[in-house]
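Just so it is clear, the values below take in all heavy atoms, side chains as well, and ignore hydrogens, waters and symmetry mates. Note that this is a predicted model, so its numbers are computed, not measured. Throughout, protein chains are lettered first and strands after them, A, B, ... in sequence-line order, and every chain is numbered starting at 1.
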Protein chains: 4
Amino acid sequence: MSRKKTIDQAMLFKETEKLIMESGYSGFHFKALSARLGVARSTIYNYYTKKEELVTDYMVHLLENAVAQMDNVDQEEEPVKELIRLWSKYANMHQMLQIMPYIDKKASPAVEENTKKMFGLFIKMKAKIEATLKAGQMKGVVRDDIHMKTIVGLVMSTVQIPVHHETLDEWVNEVYQLLMSGLKK
Amino acid sequence: MSRKKTIDQAMLFKETEKLIMESGYSGFHFKALSARLGVARSTIYNYYTKKEELVTDYMVHLLENAVAQMDNVDQEEEPVKELIRLWSKYANMHQMLQIMPYIDKKASPAVEENTKKMFGLFIKMKAKIEATLKAGQMKGVVRDDIHMKTIVGLVMSTVQIPVHHETLDEWVNEVYQLLMSGLKK
Amino acid sequence: MSRKKTIDQAMLFKETEKLIMESGYSGFHFKALSARLGVARSTIYNYYTKKEELVTDYMVHLLENAVAQMDNVDQEEEPVKELIRLWSKYANMHQMLQIMPYIDKKASPAVEENTKKMFGLFIKMKAKIEATLKAGQMKGVVRDDIHMKTIVGLVMSTVQIPVHHETLDEWVNEVYQLLMSGLKK
Amino acid sequence: MSRKKTIDQAMLFKETEKLIMESGYSGFHFKALSARLGVARSTIYNYYTKKEELVTDYMVHLLENAVAQMDNVDQEEEPVKELIRLWSKYANMHQMLQIMPYIDKKASPAVEENTKKMFGLFIKMKAKIEATLKAGQMKGVVRDDIHMKTIVGLVMSTVQIPVHHETLDEWVNEVYQLLMSGLKK
DNA sequence: CATGAATGAGGCTTCATTCAT
DNA sequence: GATGAATGAAGCCTCATTCAT
C-alpha cells in the first residue's frame, strides 16, 4: 500500500509558488522542487520539459484567476476598496510578476506563448483597475485632476505595504482610508 | 612602477548597478561584469574576491548616500515632499534591497559585516521617514488616526509608481498631492 | 527502471587510490579521476559532492580494514612479524595518511566526521601496535630499556623500506630479523 | 630610511623551506611566499621565473650541504651513529625529497638540470651511507647476512621516528641502540 | 509513468605568469 | 630591480536536461 509516487498539477503549482516565494527565482530549481514533492527530479520532466514552462504556466493560471475575480469588483458597494482587498490577496502574484524579467522567454514556444498570454492578462488587469477608477470619477468619487496612470500606480503599489494588522480586513480598511483621503489631517 | 589601471571602483559600482538593474541578481556574474568592463574575468578578482562582497559593498555605499541625504530633509519647507523626491531618486536602491534575500550572507566575513551595516542603515532610514512624518503630525499636517507603520508603508511604496511624466518634478508633484489629499475628489 | 551503473564505489576507491599514489593529493582532481573512469566529470558528483569526502571516505575504509586485520595479529606465533607483514601490506595506507595535513577538514560536515573517525582509528592502530609490543615485553622477547614510543616509531617506519625482494615474504623475513636482532653482527 | 624592499637568496630559501614544511608542496605558492617575504608577488620573478626552479634550486642546495657533511662521517668514532645524527638533522630534506614526484620536471631546462643534479646527489648520498655500512661490515661490526639494500633502507627510514625526547642526542642514542642491537631483549 | 544514471553547460575561484612603468 | 595590474589556464561545483530501463 505504498504511497503513490505521483504528482498532479495542483501540487506542482502549490510547491512552485511556495518555492519561489521562499527562495526567489534563482532559488527555484527542479532539484529543490522534486525534493519537496518527494519524487525524483526526472519525474517532473514527464510533466514539464522546461522549468520556464512550469513557472509561466503557473503564472498564467494565477493571473487568470485574479482577472476573473476582478470582473466582479464593480458589483460591490465600494469597488475601490474591493480592489484593494483583492489586490492584496494576490500579493504573491505581484511578487511572481517581478521575476518575469529574469525568465528566458525564448526557452520554448510554449514559454513564448505563455509570456504573451501573461502580458495580455496583465494589460487586462490594469485596464480593469483603470475602469474601476474611471467609474469612480464618473460618479464624482475619485478626483480627475491627476493623471490616471499615477493614480493606478499608487493603487497598485499599495500591495507592498506590510501587514502589521490583526486581520486583513483591518489592513484593507486602513489602507483604503489612507488612499482615499490622503495623509493630510 | 606599475601599469595604468583600466578599471576602478567607481566603474565597478556603476556597472554592477546597471547589470543588476538589467538582469537581476541571478544575472549578475563576474563573467558578465567583466565583459561590460572589457577586462578579463579574473581581473575583477583583484578587486573583489567574492561577488557578494562587491554587491554588498555597493549597496552599503548606496544606502549611506541615501541616509546622508535624508538627514537634510527636515530643513526643507515641505519635508514629506522632499522625502518623496529623494526616495524616488533612489528607486534603484529599492530594487537593490529586494535582492538581499538571495545573497549568501555567510559568503565571507566582509559580507557578513556589510549585511549588518545595511540592516542598520535600513533601520535608520525607516526611522528617518517615521520621524519626518511624526514631525508632520506634531505640526498638525499629517493625520494621526492611522497606524504610523501603515503610513510609512504607503510612503515607501510610492517608489514603485512608474514615471510617465515629462520631468521627475512633475512626478513628484503629482504623487505628493495624491498622497497628501488622497484619491477622493 | 533506470540505466545501468557504469561506476560504483569500489571502482571509485580503486582509482582514487591509484591516482593519489601516482600523482599525490595535489594531482588528485575529479577531472583526472573521471578521465580514468571513463565518465564525465560531473558524473562523479552524483556519488561524491566534495573531493575531500571521497578521499576521506576511502581512507576511513582503508583504516578500518587495517585495524580489523590487526586485531588478529596476536593469534599468530610471531605477532611482531605478523605486524610487519600486515603493516607493509598497508604501505599505501601509510602514504595516504601523509596527505592528511593537506585536506581541508572543514570542507563539509561529512569530511569533519571522517577526519574524526580516522583520528580515532589511527589512535587505535597505534595502541594495537603498542599492545603487541608490550605483550612481547611481558614474554621477555622484547627489550624494555628503550622508550616504547621509540620502538613503536621504528616498527612503523619500516613501512618505508623499499622492497627489492623476490617476494613480500622475503622482505618481511629480512626486515623482521633486522628489526629484532639489529644491525650488529 | 625605509627598509629595503629587497630580498636575497638566503631569505628566499629560508621561507621556501618553512612554507613547504608547513603547507606541503600544494600549499607552496608565490602568493604565500611573497606575503611572508613582504614583497610583491611579481618581485620574486626577478629572481626565479618558475616556481619549480626555486624549489629545485633550494633542494639541490640542501642536498649538497648534506652530502658534504656526510663526507666527514667516517672520521668519527661511531660512524653509523654519526650517520643517524646527521640524517635526523636533515629530516626536512627527507620531507622535501618526498615532494619530488609532484614537481613538473619539464617546467624549464633549469628545472630539468636541477632534477638531474638532485638525482645524482641522492645516489651519492645513498652510496655514502652504503659505504659507511660496508666499512662497518669490514670491521666486523655490522652483519652481512642481510641484503645491504634492506639495511640501508632501515637506516634511512629512522628519520621518520618521531622525537619525543628531551634532546636530539637522547633521540640519537636510543635510535642508535635500537637499530644496532634490535628489539630483542 | 517513475526513476536512477550520465552529462554538458555554465558559474565560481585561485594562482602562475607576463607586462608596463 | 620593484611593483601593481591584467590575464589565461585550470580546478571546483551545481543544475537543467536527456536517456535507458
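- Between C:K5 and E:dA6, a side-chain N or O to OP1/OP2 separation shorter than 4.0 Å is absent.
- Contact check of residues 8-38 of chain B against DNA chain F (heavy atom, cut-off under 4.0 Å) returns no residues at all.
- Residue D:Y45 has a polar side-chain atom (N or O) positioned under 4.0 Å from OP1 or OP2 of E:dT17.
- Distances shown here put a side-chain N or O of B:T43 below 4.0 Å from the OP1 or OP2 atom of F:dT7.
- Partners of C:H94 by side-chain contact (heavy atoms from CB on, under 4.5 Å), not counting sequence neighbours, listed by chain and number: C:W87, C:Q98, C:V159, C:Q160.
- Close to F:dC12, at under 4.0 Å from its OP1 or OP2, lies a side-chain N or O of C:K51.
- For E:dT17, the OP1/OP2 oxygens have a side-chain nitrogen or oxygen of D:K50 closer than 4.0 Å.
- For C:R41, the side-chain atoms get nearest to F:dG11 when compared with the rest of F:dG11, F:dT3, E:dG8.
- The distance from atom CG of A:N114 to atom CG of A:D57, rounded to the nearest 0.5 Å, is 4.5 Å.
- By the side-chain contact (heavy atoms from CB on, under 4.5 Å) test, B:A32 pairs with B:L19, B:H29, sequence neighbours left out.
- Of the side-chain N and O atoms in C:T6, one or more sit less than 4.0 angstrom from OP1 or OP2 of E:dA6.
- Checked against ring-ring contact (aromatic ring centres under 6.0 Å, His included), D:Y48 has no partners two or more places apart in sequence or in another chain.
- Nucleotide E:dT18 holds its P atom 17 Å from the OH atom of D:Y48, rounded to whole Å.
- Protein atom CZ of C:R3 is 7 Å distant from nucleotide atom C1' of F:dT18, rounded to whole Å.
- Residue D:Y47 places at least one side-chain N or O under 4.0 Å from the OP1 or OP2 atom of F:dA2.
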Listed pairs under 3.5 Å, donor-acceptor, residues 101-110 of chain C side chains, sequence neighbours left out:
from	atom 1	to	atom 2	distance (Å)
C:D104	OD1	C:K106	N	3.1
C:K105	NZ	C:M100	O	3.2
C:S108	OG	C:E53	OE2	2.6
C:S108	OG	C:A110	N	3.3
C:S108	OG	C:V111	N	3.2

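- When side chains are defined from C-beta on, D:L33 counts as touching D:L12, because their heavy atoms get closer than 4.5 Å.
- Across the protein-nucleic acid pair, C:D104 atom CG and F:dC12 atom C1' stand 12 Å apart, rounded to whole Å.
- With rounding to the nearest 0.5 Å, the separation of NZ in C:K50 from OG1 in C:T56 is 12.0 Å.
- A straight line from OH of B:Y102 to P of F:dT14 spans 21 Å, rounded to a whole angstrom.
- Considering only residues two or more places apart in sequence or on other chains, B:H61 meets the ring-ring contact (aromatic ring centres under 6.0 Å, His included) condition with B:F13.
- Residues of residues 111-118 of chain B that place a heavy atom closer than 4.0 Å to DNA chain E do not occur.
- A straight line from CG of D:N46 to P of E:dA20 spans 15 Å, rounded to a whole angstrom.
- For the strand DNA chain E, secondary-structure stems (runs of at least three Watson-Crick or G-U pairs, all distances below 3.5 Å) span E:2-21 with F:2-21.
- Under the side chain to side chain donor-acceptor pair (under 3.5 Å) criterion, the residue pairs touching residues 15-26 of chain B are B:E17-B:Y58, B:E17-B:N92, B:E22-B:R36, with sequence neighbours excluded.
- Counting only distance, with no hydrogens or angles, the side chain of A:K51 and the backbone of A:F28 share a donor-acceptor pair below 3.5 Å.
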List, one per line, each side-chain donor-acceptor pair under 3.5 Å for residues 40-47 of chain B, sequence neighbours excluded.
from	atom 1	to	atom 2	distance (Å)
B:T43	OG1	B:A40	O	3.4
B:Y47	OH	B:I7	O	3.1

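- Each of B:I44 and C:S42 was matched to the nucleotide of DNA chain F holding its nearest heavy atom; the match closer to the 5' end belongs to B:I44.
- Taking only side-chain nitrogens and oxygens, C:K4 never comes nearer than 4.0 Å to OP1 or OP2 of F:dA20.
- Across B:M59 and B:M96, no two heavy atoms sit closer than the pair CE-O, 3.2 Å.
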